[in-house]
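As structure tokens, the structure follows; a few thoughts come after it.
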Amino acid sequence: MRIDKMLANLGFGSRKEVKKLLKDGAVQINGVKTKDAKEHIDPNKDIVTIHGEEVVYKEFIYLLMNKPAGVISATEDNRDETVIDLLELEDQVYEPFPVGRLDKDTEGLLLITNDGQLAHRLLSPKKHVPKTYFAVIEGEVTEEDILAFRKGVTLDDGYETKPGELVILKSGLMSDIELTITEGKFHQVKRMFQAVGKRVVYLKRISMGPLKLDETLELGEYRELADEELEELMNFQP
């Protein structure tokens with residue numbers, strides 16, 4: 001890879017700004033100054049420093065976000081703030097995207113990456129990756145609902161859902177539940193409860209495959225996946 005391309009990709013400025021860094025003698029490759037923007041390096045073997053600080057190259061970025069309500073799961077939008085807008089510029093330069101969508105008013109776990117292969121594996125309908133949600137429901141959730149969800153319910157457009165695992169945490173005029181599903185139809189959790197005559201008033205995703213929401217993250221905050229989390233995700237077989 002060309003040295004100017006690598007440094008630009010890592011957010012050290014535009015190609016023009018990177019060329020100035022090189023011209024000023026700020027860049028070294030394996031301890032030797034270089035001013036040639038076209039010089040090729042092996043990012044995995046060569047040691048690159050800028051002003052003496054080592055530059056760590058990575059091809060992929062894996063971010064775990066606690067998505068807030070009011071923000072949409074997209075890379076860009078003309079009207080609304082997106083989850084990518086919440087990222088630092090140094091992370092935006094990797095051109096990541098959200099893996100799947102959470103509704104605008106839904107909170108919780110969102111994986112953001114530029115690893116298309118991993119995203120495809122997690123989103124493929126054939127893989128049946130489980131996703132668990134915490135929800136507050138208007139209306140009393142009952143054992144009948146558990147049985148109905150376990151069989152699969154018919155949505156408003158006639159689609160029959162795959163079985164869902166419903167757990168009642170608190171039942172009453174307002175009920176707290178957890179629901180695990182293995183597909184991701186549009187507004188699916190809300191529509192499943194609609195099918196049994198109830199309404200979702202609050203929704204938060206708490207897990208996706210082996211990934212769990214980091215409860216220490218404030219809404220809108222994110223962090224890189226820990227090595228163990230990434231390893232579990234890469235090896236995950238539903």
Side-chain angles (χ1 to χ4, degrees), residues 64-74 83 98-112 118-222 225 229 232-233 235-238:
L64 178 68
M65 177 180 282
N66 187 0
K67 177 195 169 297
V71 175
I72 62 168
S73 302
V83 291
V99 178
R101 288 173 181 269
L102 287 182
D103 298 341
K104 185 177 175 180
D105 59 354
T106 300
E107 298 176 359
L109 183 149
L110 189 64
L111 176 64
I112 300 174
L118 175 68
H120 177 72
R121 278 213 317 274
L122 291 172
L123 296 175
S124 168
K126 294 175 186 168
K127 296 291 185 188
H128 308 305
V129 173
K131 295 171 276 286
T132 302
Y133 296 82
F134 167 80
V136 179
I137 310 298
E138 190 176 73
E140 189 173 353
V141 181
T142 64
E143 290 294 322
E144 281 177 21
D145 298 325
I146 290 177
L147 295 173
F149 278 32
R150 198 170 282 161
K151 282 195 296 192
V153 295
T154 305
L155 302 184
D156 46 11
D157 59 359
Y159 177 79
E160 185 107 0
T161 69
K162 291 190 169 58
E165 195 59 43
L166 177 61
V167 176
I168 301 170
L169 304 175
K170 185 187 88 181
S171 188
L173 294 176
M174 291 294 229
S175 302
D176 293 353
I177 62 94
E178 283 183 6
L179 174 64
T180 302
I181 56 176
T182 57
E183 51 191 348
K185 298 292 173 191
F186 184 67
H187 292 323
Q188 182 164 342
V189 175
K190 294 170 187 172
R191 291 164 70 204
M192 285 178 80
F193 277 100
Q194 259 175 6
V196 292
K198 298 181 178 72
R199 189 169 77 90
V200 174
V201 294
Y202 172 79
L203 187 61
K204 173 170 81 169
R205 182 158 65 188
I206 55 177
S207 72
M208 178 181 188
L211 271 189
K212 304 272 188 294
L213 177 64
D214 182 343
E215 299 286 357
T216 66
L217 290 173
E218 297 286 335
L219 287 168
E221 286 187 343
Y222 68 95
L225 287 190
E229 289 173 319
E232 279 186 10
L233 202 53
N235 297 327
F236 179 64
Q237 297 292 336

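This is a predicted model, so every value here is computed, not measured. Count residues from 1 along the sequence.
- The side chain to side chain donor-acceptor pair (under 3.5 Å) test applied to K104 returns D80, not counting sequence neighbours.
- For the pair V141/V196, no side-chain contact is recorded, criterion being any heavy-atom separation below 4.5 Å from C-beta on.
- To the nearest 0.5 Å, atoms CZ (F134) and CG (L203) are separated by 9.5 Å.
- Residue pairs meeting the salt bridge (charged side-chain N to carboxylate O under 4.0 Å, His left out) criterion with at least one member in residues 184-196, sequence neighbours excluded, are D103-K190, D105-K190, D156-R191, D157-R191.
- The shortest distance between side-chain heavy atoms of K127 and L122 does not fall below 4.5 Å.
- The ring pair (Phe, Tyr, Trp, His ring centres under 6.0 Å) test applied to Y133 returns no partner, not counting sequence neighbours.
- Rounding to the nearest 0.5 angstrom, the gap separating the CD1 atom in I177 from the CD1 atom in I137 is 4.5 Å.
- Within 6.0 Å of CD on E144 lie no more than 12 heavy atoms contributed by other residues, nucleotides or ligands.
- Atom CG of L109 sits about 5.0 Å away from atom CG of L64, to the nearest 0.5 Å.
- Every residue meeting the side-chain contact (heavy atoms from CB on, under 4.5 Å) condition with T216, not counting sequence neighbours, appears here in chain and number order: D214.
- Sorted by first and then second residue, the ring-ring contact (aromatic ring centres under 6.0 Å, His included) pairs involving residues 165-190 (not counting sequence neighbours) form an empty list.
- Contacts of K212 classified as salt bridge (charged side-chain N to carboxylate O under 4.0 Å, His left out), with partners at least two apart in sequence or in another chain: none.
- At most 12 non-hydrogen atoms from other residues, nucleotides or ligands lie less than 6.0 angstrom from CD of E218.
- Contact record, P130 with F236: CD-CZ, 3.9 Å, taken as the closest heavy-atom pair.
- The closest side-chain heavy-atom distance from L118 to V99 is not below 4.5 Å.
- S171 is linked by a side-chain contact (heavy atoms from CB on, under 4.5 Å) to E140, I168, S175, counting only residues two or more places apart in sequence or in another chain.
- Under the rule for a salt bridge (charged side-chain N to carboxylate O under 4.0 Å, His left out), the partners of R150 that lie at least two apart in sequence or sit in another chain are E165.
- Note that CD1 of I72 is 9.0 Å distant from NZ of K67, once rounded to the nearest 0.5 Å.
- With sequence neighbours left out, the salt bridge (charged side-chain N to carboxylate O under 4.0 Å, His left out) criterion links R121 to no other residue.
- Under the side-chain hydrogen bond (donor to acceptor under 3.5 Å, both in side chains) criterion, the residue pairs touching residues 202-211 are E107-Y202, T132-S207, with sequence neighbours excluded.
- Contact between M192 and L155 at its shortest, heavy atoms only, is N-CD2, 3.8 Å.
- Here the side chains of L233 and L111 are in contact, with some heavy-atom distance below 4.5 Å.
- For K198, the salt bridge (charged side-chain N to carboxylate O under 4.0 Å, His left out) partners two or more places apart in sequence, or in a different chain, are D145.
- No side-chain heavy atom of I181 sits under 4.5 Å from any side-chain heavy atom of T161.
- Residue pairs meeting the ring-ring contact (aromatic ring centres under 6.0 Å, His included) criterion with at least one partner in residues 144-167, sequence neighbours excluded, are F149-F193.
- Residues N66 and L217 share a closest heavy-atom pair of ND2-O, 2.9 Å.
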Could you go step by step and tell me if R199 and Q194 meet the side chain to side chain contact (heavy atoms under 4.5 Å, CB included) rule? CA-CA 6 Å; R199 189 169 77 90; Q194 259 175 6; over 6 Å; no

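- Shown here is L147, whose CG atom has more than 12 heavy atoms of other residues, nucleotides or ligands within 6.0 Å.
- In terms of heavy-atom proximity, M208 sits nearest to K131 at CG-CG, 4.0 Å.
- Heavy atoms only, all atoms of each residue included: G100 and S73 are closest at O-CB, 4.2 Å.
- Atom CG of L169 sits about 5.0 Å away from atom CD of E178, to the nearest 0.5 Å.
- Remark: L179 CG to L166 CG distance equals 6.0 Å, nearest 0.5 Å.
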